[in-house]
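Values reported hereafter were calculated over all heavy atoms of this structure, with side chains retained and with hydrogens, waters and symmetry mates removed.
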Amino acid sequence: MKKAAILLLAGAQLLAVTGFWLWSHTRHEMGNLLVGDAPDQVLAWARLAGLLATLAVLFQLALVGRVRWVEQTFGMDRLTRLHHVAGFALVLLLLIHPALATLGHAMQAEAGFLAQSADFLKSWEGLPAAYAGTALFLMAGAMSVLVLAKRLDYQRWYLTHLTLYVAFALTVLHQVSVGGDLTGHRGFRLYWYALYAGVALAFLAYRVGRPLAAFARHRFTVEGIVPEAGDVTSVHIGGKNMAAFQAEAGQFLIVRFLARGFRWEAHPFSLSRPPDGRCLRLSIKRLGDYTRRVPDLKPGTPVLIDGPHGIFTAKRCGSRKALLIAGGIGITPIRSIAEELVKADRECLLVYANRNSATMVFKEELEKLAARSGGRLTLVPVMSDEPSWVGEKGRVDRALLSRLAPDAPSRDVFLCGPPPMMKGLRAALAEMGVAAARIHDERFAL
């Protein structure tokens, strides 16, 4: 119900904007501009592209605004993926709008395209800033392509991505000065400003206000650094009144360690055990320059926490039995969910894939959890590259799962691991007859 309401709200904005555009251009004082002279038609479609581009920017901000009631409905991973896809549609609209606007005015003035562009920059209020903002948007789009092609590291892209807030401010100025849809229609102008204000307030409240409020209330600090197996380090975070910090097993936090070399970066990490009202534990694998420095953090380091986020929790298990599959560091949320499901009296089979036993994180913890579960948790480690291993070997695939969990279609399945592994397992589980609604995963990202 909540999902339908949010989608309806988003769709209503699209209908309102396109509906107003259609009304204002078919009932214009100069007649129906959609069937008028060629310049009028070109300019009409240019205005629609501009309105939709602005709406797309606001939509993008809403997707990454971490608004809790939206994020807890769809999951941040899905919102982030939609944000990435919608970004390319936004770039297309940003190219179409100025191209059509320049062409339409050039046709009216009987001038060339370049001459009209020069006139915009020289004589039209707000247009130089709009050109600069559009250039920044296009640059960010190009860098997104480089990130997808693995030719630019994420952190450099993310820092550049922050310039999009400047780009948006630059491009909206010309709407107020020369945008006929706003300057000529008071009602639509008020609606548009309300839309701006609503998105901006929600963005600031959840991206800035909520983490600062949580820090003021709890004063989060690093309490301890514990080395684990497989180049993994657990960071224990404490603070004041920790029992009041509401988080669930399987969720993740976006943390910013306020120490030299860390404070300019925020990264998402899963809770690797259920919150106990005293301490939060994040278990972080060394995968890059940032994570390589995590063992150097000192106790007492302040921590700014954005979250918790995610819907990858034990609540999604509607069956009496669960199949949990983890690959490598993907064990962090799975280990947390396993403990929560055992407490809820669910029967769990945990299949944990690693290259070798030396990289198996939380081995003793998981064995103890299974031992005291009263038979509710069965742990099956699988090693892909350890010939001497006496247990399960090879890859976690359909054959192995069919043997270990022939009743998989009656279970809820929780997956966390490398994306290729999860993609392959989803296909294998579907072939085994597991309904898509019973397969749960979350690929958290900024």
Side-chain angles (χ1 to χ4, degrees), residues 61 63-72 76-77 79-80 83 154-165 200-226 233-310 332-333 336 442 444-446:
L61 290 173
L63 286 175
V64 296
R66 301 173 193 165
V67 179
R68 185 164 179 78
W69 55 278
V70 177
E71 185 268 329
Q72 286 295 296
M76 190 184 290
D77 62 328
L79 294 176
T80 302
H83 171 76
Y154 176 84
Q155 194 57 35
R156 290 182 184 177
W157 169 83
Y158 182 71
L159 291 174
T160 305
H161 211 61
L162 296 178
T163 63
L164 291 182
Y165 302 121
L201 288 174
F203 188 89
L204 291 173
Y206 285 94
R207 289 290 294 257
V208 180
R210 187 176 177 223
L212 291 177
F215 183 76
R217 183 180 186 186
H218 298 289
R219 297 292 175 180
F220 301 112
T221 59
V222 174
E223 283 195 344
I225 301 294
V226 179
T233 300
S234 285
V235 180
H236 295 253
I237 299 173
K240 297 167 53 180
N241 194 22
M242 292 295 288
F245 183 74
Q246 299 298 312
E248 298 180 52
Q251 290 190 302
F252 65 92
L253 312 175
I254 299 173
V255 296
R256 187 184 300 274
F257 299 110
L258 301 182
R260 185 176 181 180
F262 291 92
R263 60 174 57 94
W264 297 112
E265 298 184 42
H267 291 264
F269 300 109
S270 289
L271 293 166
S272 59
R273 72 181 181 197
D276 58 8
R278 300 185 302 275
C279 179
L280 304 170
R281 187 178 76 174
L282 308 175
S283 298
I284 303 168
K285 185 176 179 64
R286 300 178 198 179
L287 295 172
D289 292 339
Y290 178 89
T291 51
R292 200 173 291 121
R293 299 194 303 269
V294 167
D296 299 329
L297 284 168
K298 305 298 182 185
T301 299
V303 186
L304 198 62
I305 292 179
D306 181 351
H309 296 292
T332 50
S336 191
E442 190 162 50
F444 53 83
L446 293 177

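- How far OH of Y290 is from CZ of R293: 7.5 Å, rounded to the nearest 0.5 Å.
- For the pair V303 and L253, the minimum side-chain heavy-atom distance is 4.5 Å or more.
- Two residues are said to be in side-chain contact when any heavy atoms from C-beta on lie closer than 4.5 Å; T233 and R286 meet this criterion.
- Distance check: D289 CG to E265 CD gives 8.5 Å after rounding to the nearest 0.5 Å.
- Shortest non-hydrogen contact noted between S336 and P274 is OG-N, 3.2 Å.
- Counting all heavy atoms, side chain and backbone alike, P295 lies closest to T291 at CD-O, 3.8 Å.
- Across all non-hydrogen atoms, the minimal contact from G65 to Y206 is O-CB, 3.3 Å.
- Between atom OG1 of residue T221 and atom CZ of residue F215 there is a gap of 8.5 Å, rounded to the nearest 0.5 Å.
- Contact detail for R278 and D276: the closest heavy-atom pair is N-OD1, 2.8 Å.
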Inset, instruction - Output, in order, the C-alpha distance, side-chain angles, deciding distance and verdict of side-chain contact (heavy atoms from CB on, under 4.5 Å) for Q72 and Q251. - result: CA-CA 11 Å; Q72 286 295 296; Q251 290 190 302; 3.6 Å; yes

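- The distance from the CG atom of L212 to the CD1 atom of I305 is 12.5 Å, given to the nearest 0.5 Å.
- Annotation: side chain of T301 is not in contact with side chain of F262 (no heavy-atom distance under 4.5 Å).
- Contact of the L304 side chain with the I254 side chain is not registered, since no non-hydrogen atoms from C-beta on lie closer than 4.5 Å.
- H218 places none of its side-chain heavy atoms less than 4.5 Å from the side chain of L280.
- Of all heavy-atom pairs between F252 and P268, the closest is CD1-CB, 3.7 Å.
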Inset, instruction - Run the numbers on V255 and F220 for side-chain contact (heavy atoms from CB on, under 4.5 Å), then give the verdict. - result: CA-CA 10 Å; V255 296; F220 301 112; over 6 Å; no

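- Applying the salt bridge (charged side-chain N to carboxylate O under 4.0 Å, His left out) rule to R68 yields no partners; only residues at least two apart in sequence or on another chain are considered.
- When all heavy atoms of K298 and V222 are compared, the pair lying nearest together is O-CB, 3.8 Å.
- Atom CG of L282 is separated from atom OG of S270 by 8.5 Å, given to the nearest 0.5 angstrom.
- To the nearest 0.5 Å, the span separating CZ on R281 from CD1 on I237 amounts to 12.0 Å.
- Scored by the salt bridge (charged side-chain N to carboxylate O under 4.0 Å, His left out) test, E223 finds no partners at all (sequence neighbours excluded).
- No side-chain heavy atom of R66 sits under 4.5 Å from any side-chain heavy atom of E71.
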